[in-house]
Amino acid sequence: MAAPRSGLSAQAMIVTETTVNTYAAPTAGLWLVDEAIKREVQKIKSNAIVATRRLMTADQHYNGNETIAGPLHVELTDLGAEHALALLWGAPVKTGGGPTYTRTWAGPLDLFGASATLQIGRPDVSGTVQPFTFTGLKATGGEIGLSVGEVAVLSADTVAMNEILVRTVADGVTNTDTALTSATAVFTPDDVGKPVSGTGIPAATTISAYVSATAVTLSAATTATATGVTITIGVALASAAYTASMKPFTFIGGSVTASSVTVGGAAPSAVKKATLKVSRPQDTDRRGIGSARILQPIENELGSVKLELDCEFDGLTHYRRYIANSEHAAVLTLVSGTNTLTITMNGYYEMPPDPKVDGAGIVRQTIGLDMAGSTDAAAFTAVLVNTVA
């Protein structure tokens with residue numbers, strides 16, 4: 001059966017990188033809702049006068065700074081969500097020897113050195129899914145949103161250091177060394193660092209140096225002397241793979257799923273919507289002469305975690321806490337079978353939980369807490385328990 005020629009064939013695969021901005025083969029399939037990650041290239045125009053010319057010449061426009069950024073929205077699943085959560089909180093500490101594993105984020109952790117490779121498969125109208133692969137991907141912020149009757153959604157505002165496309169040539173020449181030549185490849189300095197594959201090229205080989213438009217140096221020696229070798233430069237579309245038996249966390253309880261939220265040890269009345277907002281400010285415009293792309297983003301302001309609840313007005317408890325500027329622990333728990341995600345934050349009431357009369361319906365209030373604590377770990381922790389090794 002032919003694949004759908006629409007977004008029905010789209011896919012998203014992710015993996016946490018061992019080294020920032022070094023491609024790692026994506027292994028975890030995300031339940032993609034939508035995305036708008038794009039690569040924008042600044043256009044530099046010359047203002048020089050060229051005698052007798054009234055219009056710009058072909059040599060008076062150039063590519064400048066590149067920015068790769070955009071939003072990503074996925075459903076938050078009980079299995080396979082480890083890499084997506086790491087975008088918001090950094091790399092977790094994993095414990096357990098199976099069949100259950102525990103991942104703990106306490107801090108939030110330092111985001112320097114924590115990045116991901118993300119590949120988005122975008123289908124064209126011919127039915128071909130075109131791969132767009134982003135490395136050095138980080139999130140400057142995001143949120144986990146839960147509403148009555150819906151599944152949990154994780155949103156991230158992403159920025160990436162590089163985009164890797166893919167192309168194939170059929171005239172590669174190898175000679176049991178690190179040299180690779182091709183008359184049609186049109187190599188550029190931008191190819192350095194890209195994965196390269198083909199017959200006689202060891203797995204995980206990358207282009208280590210640019211020589212010319214027809215020649216590059218590989219990171220590993222080829223294993224055969226051959227001509228007419230089909231060479232893939234860049235990253236091909238990964239096979240969509242999802243963890244078996246994964247399910248989304250939901251806000252409304254079902255046969256296998258339930259969730260709860262408490263503030264100050266008590267459950268607010270009839271919470272219709274809960275939103276956990278994460279802010280991880282970073283310098284995303286670190287640039288240097290010689291490269292159009294950004295250097296690794298570095299945190300440059302305090303991070304924050306905020307919890308907002310839309311619930312019924314159940315008395316003056318929260319209002320009095322707001323007036324007193326007291327701190328209280330809020331716990332958001334998601335359960336799917338034996339898999340759990342528990343988010344605990346200590347915070348103060350940032351917004352007045354004023355009840356509002358809006359007609360004859362039940363009076364509602366909004367509770368908003370901002371993270372604070374004696375230590376980073378006391379201010380925020382998240383614990384994911386599931387069967388993913």
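Only this structure's heavy atoms are used, side chains among them; waters, hydrogens and symmetry mates stay out.
- Here the closest heavy-atom approach between residue Glu82 and residue Trp105 is recorded as O-CZ2, 4.0 Å.
- Put simply, the residue from Ile233, Val169, Val211 that forms a side-chain contact (heavy atoms from CB on, under 4.5 Å) with Phe187 is Ile233.
- Each of Val235 and Leu218 belongs to its own hydrophobic cluster when Ile, Leu, Val, Met, Phe, Trp and Tyr are linked at side-chain heavy-atom distances under 4.5 angstrom.
- With hydrogens and angles left out, the side-chain atoms of Gln60 and Asn47 include no donor and acceptor closer than 3.5 Å.
- Contact of the Thr135 side chain with the Ile164 side chain is registered, since non-hydrogen atoms from C-beta on lie closer than 4.5 Å.
- Remark: the backbone N or O of Ile207 is not paired with any side-chain donor or acceptor of Ser219 at under 3.5 angstrom.
- In this structure, Val173 and Leu180 have side chains that are not in contact, with every pair of non-hydrogen atoms separated by 4.5 Å or more.
- One side chain, Asn339 or Asp78, offers a donor N or O that lies under 3.5 Å from an acceptor on the other.
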List the steps, then state whether side chain to side chain contact (heavy atoms under 4.5 Å, CB included) holds for Thr133 with Leu118.
CA-CA 6 Å; Thr133 305; Leu118 172 71; over 6 Å; no

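- The aromatic rings of Tyr349 and His318 sit tilted, their planes meeting at an angle between 30° and 60°.
- Within the 3.5 Å criterion, the main-chain N or O of Ser155 finds no donor-acceptor partner in the side chain of His73.
- Gln282 contributes no side-chain N or O that, together with a main-chain N or O of Phe112, makes up a donor-acceptor pair within less than 3.5 Å.
- Side-chain contact, Ser126 with Asp124: a donor N or O sits under 3.5 Å from an acceptor N or O.
- Residues Pro268 and Leu309 are in side-chain contact: their nearest non-hydrogen atoms beyond the backbone lie under 4.5 Å apart.
- No hydrogens or angles considered: a donor-acceptor pair under 3.5 Å links the side chains of Glu17 and Thr117.
- Within the structure, every pair that satisfies the salt bridge (Lys or Arg N to Asp or Glu O under 4.0 Å) test and touches residues 295-305, not counting sequence neighbours, is listed here: Arg280-Glu299.
- The hydrophobic cluster containing Leu332 does not contain Val153, counting ILVMFWY residues as joined when their side-chain heavy atoms lie under 4.5 angstrom apart, directly or transitively.
- Residues Thr342 and Leu334 form no side-chain contact, since every pair of their non-hydrogen atoms from C-beta on lies 4.5 Å or further apart.
- No donor-acceptor distance shorter than 3.5 angstrom exists from the side chain of Thr243 to the backbone of Met246, with no hydrogens or angles considered.
- Shortest non-hydrogen contact noted between Ile231 and Gly198 is CD1-CA, 4.4 Å.
- With a 6.0 Å radius and a threshold of 12 heavy atoms from other residues, nucleotides or ligands, Tyr319 has its OH atom at or below the threshold.
- For the pair Asn162 and Phe134, the minimum side-chain heavy-atom distance is 4.5 Å or more.
- For Thr205 (side chain) and Pro202 (main-chain N/O), a donor-acceptor pair under 3.5 Å exists by modelled atom type.
- A salt bridge does not link Glu308 to Lys273: none of the charged side-chain nitrogens sits closer than 4.0 Å to a carboxylate oxygen.
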Could you list the donor-acceptor pairs under 3.5 angstrom formed by side chains in residues 370-377, with sequence neighbours left out?
from, atom 1, to, atom 2, distance (Å)
Asp370, OD2, Tyr348, OH, 3.3
Thr375, OG1, Ala378, N, 3.0

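- Proximity of a side-chain donor or acceptor of Gln42 to a complementary backbone N or O of Asn65 within less than 3.5 Å is detected.
- The only member of Arg39, Lys43, Arg287 that meets salt bridge (Lys or Arg N to Asp or Glu O under 4.0 Å) when paired with Glu66 is Arg39.
- Looking only at side-chain heavy atoms (C-beta outward), Ser115 and Val20 come within less than 4.5 Å of each other.
- At most 12 non-hydrogen atoms from other residues, nucleotides or ligands lie less than 6.0 angstrom from CG of Asp358.
- No continuous path of ILVMFWY side-chain contacts below 4.5 Å connects Leu137 to Met161, so the two sit in separate hydrophobic clusters.
- In this structure, CG on Asp283 lies 11.5 Å from CD on Gln296, to the nearest 0.5 angstrom.
- Shown here for Ile37 and Pro71, the closest heavy-atom pair between the two residues is CG1-O, 3.9 Å.
- No donor-acceptor pair under 3.5 Å is formed between the side chain of Thr158 and the backbone N or O of Ala69.
- Thr366 and Asp310 share no donor-acceptor pair across their side chains, judged by distance under 3.5 Å alone.
- The side-chain heavy atoms of Thr100 and Val385, taken from C-beta on, include a pair separated by under 4.5 Å.
- Evaluation of the salt bridge (Lys or Arg N to Asp or Glu O under 4.0 Å) test over residues 198-212, restricted to residues two or more places apart or in two chains, returns none.
- For Ala10 against Leu32, the heavy-atom pair with the smallest separation is CB-CD2, 4.3 Å.
- One distance of note links CG of Leu146 with CG of Leu76; it measures 8.0 Å at 0.5 Å rounding.
- Looking at Lys356, its side chain never comes within 3.5 Å of a backbone N or O of Arg364 through a donor-acceptor pair.
- Although no hydrogens or angles enter the test, the distance criterion places no donor-acceptor pair under 3.5 Å between the side chain of Glu312 and the main chain of Ile362.
- To the nearest 0.5 Å, atoms CZ (Phe313) and CD (Gln365) are separated by 6.0 Å.
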Just do the side chain to side chain contact (heavy atoms under 4.5 Å, CB included) check on Leu87 and Ile14 with the steps written out, would you?
CA-CA 10 Å; Leu87 286 177; Ile14 193 172; 4.1 Å; yes

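- A side-chain contact (heavy atoms from CB on, under 4.5 Å) with Ile120 is found for exactly one of Met13, Glu35, Gln11, namely Glu35.
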Side chain to side chain contact (heavy atoms under 4.5 Å, CB included) for Cys311 and Ile367? Distances and angles first, verdict last.
CA-CA 8 Å; Cys311 55; Ile367 298 174; 3.7 Å; yes

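- Note on residues 331-354: pairs passing salt bridge (Lys or Arg N to Asp or Glu O under 4.0 Å), not counting sequence neighbours, are Lys306-Glu350.
- Nearest heavy atom pair, residue Gly80 against residue Ala28, reads O-CB, 4.3 Å.
- Here Phe380 pairs with Trp89 under the ring-ring contact (aromatic ring centres under 6.0 Å, His included) rule; sequence neighbours left out.
- Pairing each heavy atom of Thr223 with each of Thr176, the nearest pair is C-CG2, 3.9 Å.
- Judged by distance alone, the side chains of Ser182 and Asp171 do bring a donor and an acceptor atom under 3.5 Å apart.
- Placement of Leu307 and Leu384 within a single hydrophobic cluster is found when ILVMFWY residues are connected by side-chain heavy-atom separations under 4.5 Å, directly or transitively.
- Residue pairs satisfying the salt bridge (Lys or Arg N to Asp or Glu O under 4.0 Å) criterion with at least one member in residues 175-192, sequence neighbours excluded, are listed as follows: Arg167-Asp191, Asp190-Lys194, Asp190-Arg293, Asp191-Lys194.
- In terms of modelled atom types and a separation under 3.5 Å, the side chain of Lys277 and the main chain of Val305 share no donor-acceptor contact.
- Residue Phe132 is not grouped with residue Val159 when hydrophobic side chains (ILVMFWY) are merged at heavy-atom distances under 4.5 angstrom, including chains of intermediate members.
- Put simply, the side chain of Ile343 reaches to within 4.5 Å of the side chain of Leu276, judged on heavy atoms.
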Any chance you could lay out the side chain to side chain contact (heavy atoms under 4.5 Å, CB included) test for Tyr242 and Thr77, step after step, and finish with the verdict?
CA-CA 11 Å; Tyr242 305 94; Thr77 55; over 6 Å; no

